[in-house]
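The chains referred to below are lettered A, B, ... by the order of the sequence lines, with proteins before strands, and numbering in each begins at 1.
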Amino acid sequence: MAPIARLLLLVLLSTALTISSGSGDGYTINGRVKIPQGLGTKGFALPGKMSNIKVILNGGQIVTYLRPDGYFSFQNIPAGTHLVEVAAIGYFFSPVRVDVSARNPGKVQAALTENRKGLSELVLEPLRDEQYYEIREPFSIMNVVKSPMGLMMGFMLLVVFIMPKLVENMDPEEMKRAQEEMRNQGVPSLASLLPGGGRN
Amino acid sequence: MAIRSFFVPFLLFALCFNSSLTPVLSLYEDQVGLMDWHQQYIGKVKQAVFSTQKTGRRRVIVSTEENVIASLDLRHGEIFWRHLLGSNDVIDGIDIGLGKYVITLSSGGSILRSWNLPDGQMVWESFLQGPKHSKSLLLVPTNLKIEKDNVIVVFSNGRLHAVSCIDGEVLWNKDFEAESFEVQQVIQPPGSDLIYVVGFAASSQFEMYQINARNGELLKHESETFSSGFFREVSLVSSETVAALDSTGSILLTISFQNGEISFQQTPISNLVEDSSGPAVIIPSSVPGIFAIKTNAITIFIRVIGKGKLEVVETTNHETAVSNALPISEGQQAFALVQHAGSEIHLAVKLAHDWDGNLLKESIKMDQQRGLVHKVFINNYIRTDRSHGFRVLIVMEDHSLLLLQQGAVVWSREDGLASIIDVTASELPVERDGVSVAKVEHNLFEWLKGHMLKLKGTLMLASPEDVAAIQSMRLKSSEKSKMTRDHNGFRKLLIVLTRAGKLFALHTGDGRIVWSHLLRSLHKSEACKSPIGLNMYQWQVPHHHALDENPSVLVISRCGPSSGAPGVLSFVDAYTGKELNSLSLVHAVVQVIPLPYTDSTEQRLHLLIDSDKHAHLYPKSSEALGIFKREFSNIYWYSVEELDGIIKGHALKCKCTGEVADEFCFDTRDLWSVVFPSESEKIIATVTRKSNEVVHTQAKVIADQDVMYKYISRNLLFVATVAPKGSGEIGSVTPEESWLVVYLIDTVTGRILHRVTHHGAQGPVHAVFSENWVVYHYFNLRAHRYEMSVIEIYDQSRADNKDVWKLVLGKHNLTSPISLFSRPEVITKSQSYFFTHSVKAIAVTSTAKGITSKQLLIGTIGDQVLALDKRFLDPRRSVNPTQAEKEEGIIPLTDSLPIIPQSYVTHALRVEGLRGILTVPAKLESTTLVFAHGVDLFFTQLAPSRTYDSLTEDFSYALLLLTIVALVAAIFVTWRLSERKELQDKWR
């Protein structure tokens, strides 16, 4: 992968026009797919091989593959507005709208449909690379503690070990008074709702 | 007490610890292959070329009817690389140039490509044009050079091209503009600089052009007329002789054009073979000196001796296939001949000039389920003792590919699975005593050890060896590939019907073939010349009172491509693959309607509509007839005539009249019809709900404690029409000229419940219908992007049932009967979003009870399957949802649907040539089984809203045990502590 990508960067952009009127009844769309180095090399999702990248015109009307330098071409294309898609495992490409004009052949009119960015040349680059797998996070105690269950457990531990201590330190008379108060209010406490909690 | 409250959260914690690591959809890389499997195929091989490289791994390059070119390992049959060309880009020929490039000619001879042999990278691509359409021929001469450039000779579109092998540059070309010239062969005699182009003109004239291979200069042009004309194919006998048949197919012609002189030699076939009858056809082959013709069922091999003298060397009435010639040494060419004899095939390798001697003669036992040998390709190798060894690649009737060597099948590929027509799922047998196939769970110690390893894995303490051990342990788990039903319903059989007329049963656990059966009824026979498999239906699904019966499927096929051709039904046992019964029908099968009724043996009633609009009931039993008569007036169906733009509704009328009395035949009547104006609308898609879909509840509680009632009807039809101009490809029409109209039609009454027009939109339309909603995908020409729209339909007549008091007092209309003939009060809601990719197929997840939320499964143009939550396609989405709506789970509105890479269910794999997606509910409510098929097969389990009803696969029992042990220890410790404390208190 890497040598190919390097090769891509080394190849100078030719001044060839994106659209040229070919012989016969249609026009020709020439373009190239460029995968910048660095993208796709991070992470562990293996990017698809360069030789498996497909370029698709109008949702499957014509399918073509890339040459080693990344160039592709569609021949015998009628004038009109076309859609070029790139199917490559590991990368997200925006479809490109390409206008083939009958009046002034050779005029480049291409735009990414995802963000409406115009292209001066038909050089297609991935918008982002795609990670198909989740990355396993290494086990850490902090993660467990921070999770809602961890917090809940922390609270529980607090109740179990600290509360008795607090109760112990209370003045017995004061405690009796508090209990009296509670009984008077008659509010069912959460503890009494839990099975066994009331007895604690 | 403290202990008890301590224990509960700890247990919860242990559970949650696991689930918190499992995200909704996505997979970790080490989970690949746990619940999914992926199989790669290529399709029926059309042409095979062996790589002659002496070093490295031996390969064979194949082109197939699925339009795949692939490089296979000759030793094991695995795929090195593979490319699927576009559907309009049919491969005409392949060859190997310079020993390191694969040359392919495709698209009717207009695209010539060269691929790097080791890795499949495309090297160059050339577009060849010509004045007119013609046969296309590819020729890669081994030693023809022009200025050190190896040359590829291509005849296509009425023009002869010489193309450089290195860069695809056209070196010269020569037009053959003569109006009626039909090229038959392009010949390059080895060692010369000449190219011969031979063909027919005006069907009775033989033409020969001699061309200088260096510059394309026409050296000689000869033509000769043969009064009774020619019959299609010619067979090349030598580099200067061809064999042909006259137009009646009774006279053999050998045409030689030595030194530019054309001469005919006529031999009536009856002179050669006494009992020949009927016209003959030439079997195309390229064995020097020998050609084969076929009359009726007899194959005749004829040798050409000297100048036009013919001699019959063998006649056989066995099915025979011949390979092309293979040069093995100087002046010697060998070829392979395969003949069927009972359950064996006889393989003979002979030298071209010596028919009677065999270089090799073997007989190989062949699986009867593979049918006949269709094609043979031969390759040789040099044994250690310098003698020639041969290996033969054969293509069978079921599209499988086999390599034969030394009297045995070395490897085989089931490439019939690349062309699946229909899929259905079947249950496995119930586990009973003695039925169990898998071995008993290994001992407790091993089990614990496994779980300890898993625990180490979860805690990230595992060494690389441990990780490998865990991985292999998970993959090997015998549990998932057992041959019996499981509690969760994950194990099933997928029964697939392939284009070759073969049925396969695949196990969902690991994708292996449980049985395969070449349907006898789909065999070519006198009565049925070209049978085509159409569909499969579940005929018998025993679950209540017929548990002893095996489930069976119904396969519908037809004799010939026209819809009026007679149909064939076959009933196949789903456990064993045996064909229980087959019926050759006298009537055609235009439509099959599975009825929602079963008889006492749980056979489903089916109604078959023929081309004369008669309905035939199956099974033909009096019990079925009784059930059917009871429901006679409740049976409605519809038909779509796409060409005329008419949708019609039908019902039953009475018993058939006029014909032979058959009590299972019924006349039908038309109830309604919807006619679309042909000048402005053309039907391009119709979709209904799956008949076996389960809906959990009709009510939908929305944010403000309000209730909406879904309009759930099995009789809703989604229809999409486009302007006739816009039915072509994208780019062929302007937004002003194109529109898309979608309808929701009730198929009982023909009432149009909803109609919406999308101006400036265009097909193709892919849609899916489920519950009360339909989602469809189309192209928006104005924005020049794909769009997806959702329509939800709600029942208003029940809207005032939300008053609790009315329910209590019984003043509701929930129990009032629903009739489709009363005018339904419905409202629809819809919304549209942009979607990035082109789509090949859309499906929706289905679960056992319909409680779990739904996901759309979108097969994208890149042959991946994307799972998209239905919540993203909710017409109640708004830019700023209220707090209550947010709580309900409404996502703020965005203009396009998100594509989250982790939610590709096919993860980093491609289902090359994706055609269809099938979802089957598992018994476990949270889970659905997904099967995607194209040239590749892919299967996985999905849980659209997590597996809320079971522990996940990688739940660590060891962690749980460890926790319990720790807790018990803690109990004892604290108990002792408290006892001691109590004692101290008492002493105080």
Polar side-chain atom of A/Asn58 near backbone of A/His82 as donor-acceptor pair, under 3.5 Å: no

Donor-acceptor under 3.5 Å (B/Asp36 side chain, B/Thr906 main chain):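 Not a single qualifying donor-acceptor pair exists.
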
Chain A interface, residue from B/Thr860, B/Thr734, B/Ile861, B/Ile899 that has the most non-hydrogen pairs under 4.5 Å: B/Ile861

Which of B/Val123, B/Ile900, B/Leu85, B/Asp89 touches chain A most, by non-hydrogen pairs under 4.5 Å: B/Val123

Measure distances from [X] to the heavy atoms of chain A and classify the residue's part below 4.5 Å as side chain, backbone, both or neither.
X        : answer
B/Glu729 : side chain
B/Arg113 : side chain
B/Leu909 : backbone
B/Gln762 : neither
B/Asp863 : side chain

Atom pair CD (A/Glu130) and CZ (A/Phe92), whose distance is rounded to the nearest 0.5 Å: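 One gets 6.5 Å once the value is rounded to the nearest 0.5 Å.
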
Check whether [X] gets within reach of chain B through its side chain, its backbone, both or neither, counting any heavy atom under 4.5 Å.
X       : answer
A/Ala79 : backbone
A/Glu85 : side chain
A/Leu83 : both
A/Phe72 : neither

Qualifying residue, where the test is side chain to side chain contact (heavy atoms under 4.5 Å, CB included) with A/Phe74 and the options are A/Val100, A/Ile62, A/Thr28, A/Val98: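 One option only clears the test, and that one is A/Ile62.
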
Residue pair B/Asn780, B/Glu787: steps toward the side-chain hydrogen bond (donor to acceptor under 3.5 Å, both in side chains) verdict: CA-CA 6 Å; B/Asn780 181 337; B/Glu787 257 181 25; 2.5 Å; yes

Distance-only polar pair, side chains of A/Tyr65 and A/Ser51, donor-acceptor under 3.5 Å: no

Ring geometry between B/His837 and B/Phe835 (parallel below 30°, tilted from 30 to 60°, perpendicular above 60°): perpendicular

Min side-chain heavy-atom separation B/Leu781-B/Glu736 under 4.5 Å: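 B/Leu781 vs B/Glu736: side chains apart.
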
Which of A/Leu66, A/Thr81, A/Thr64 touches chain B most, by non-hydrogen pairs under 4.5 Å: A/Thr81

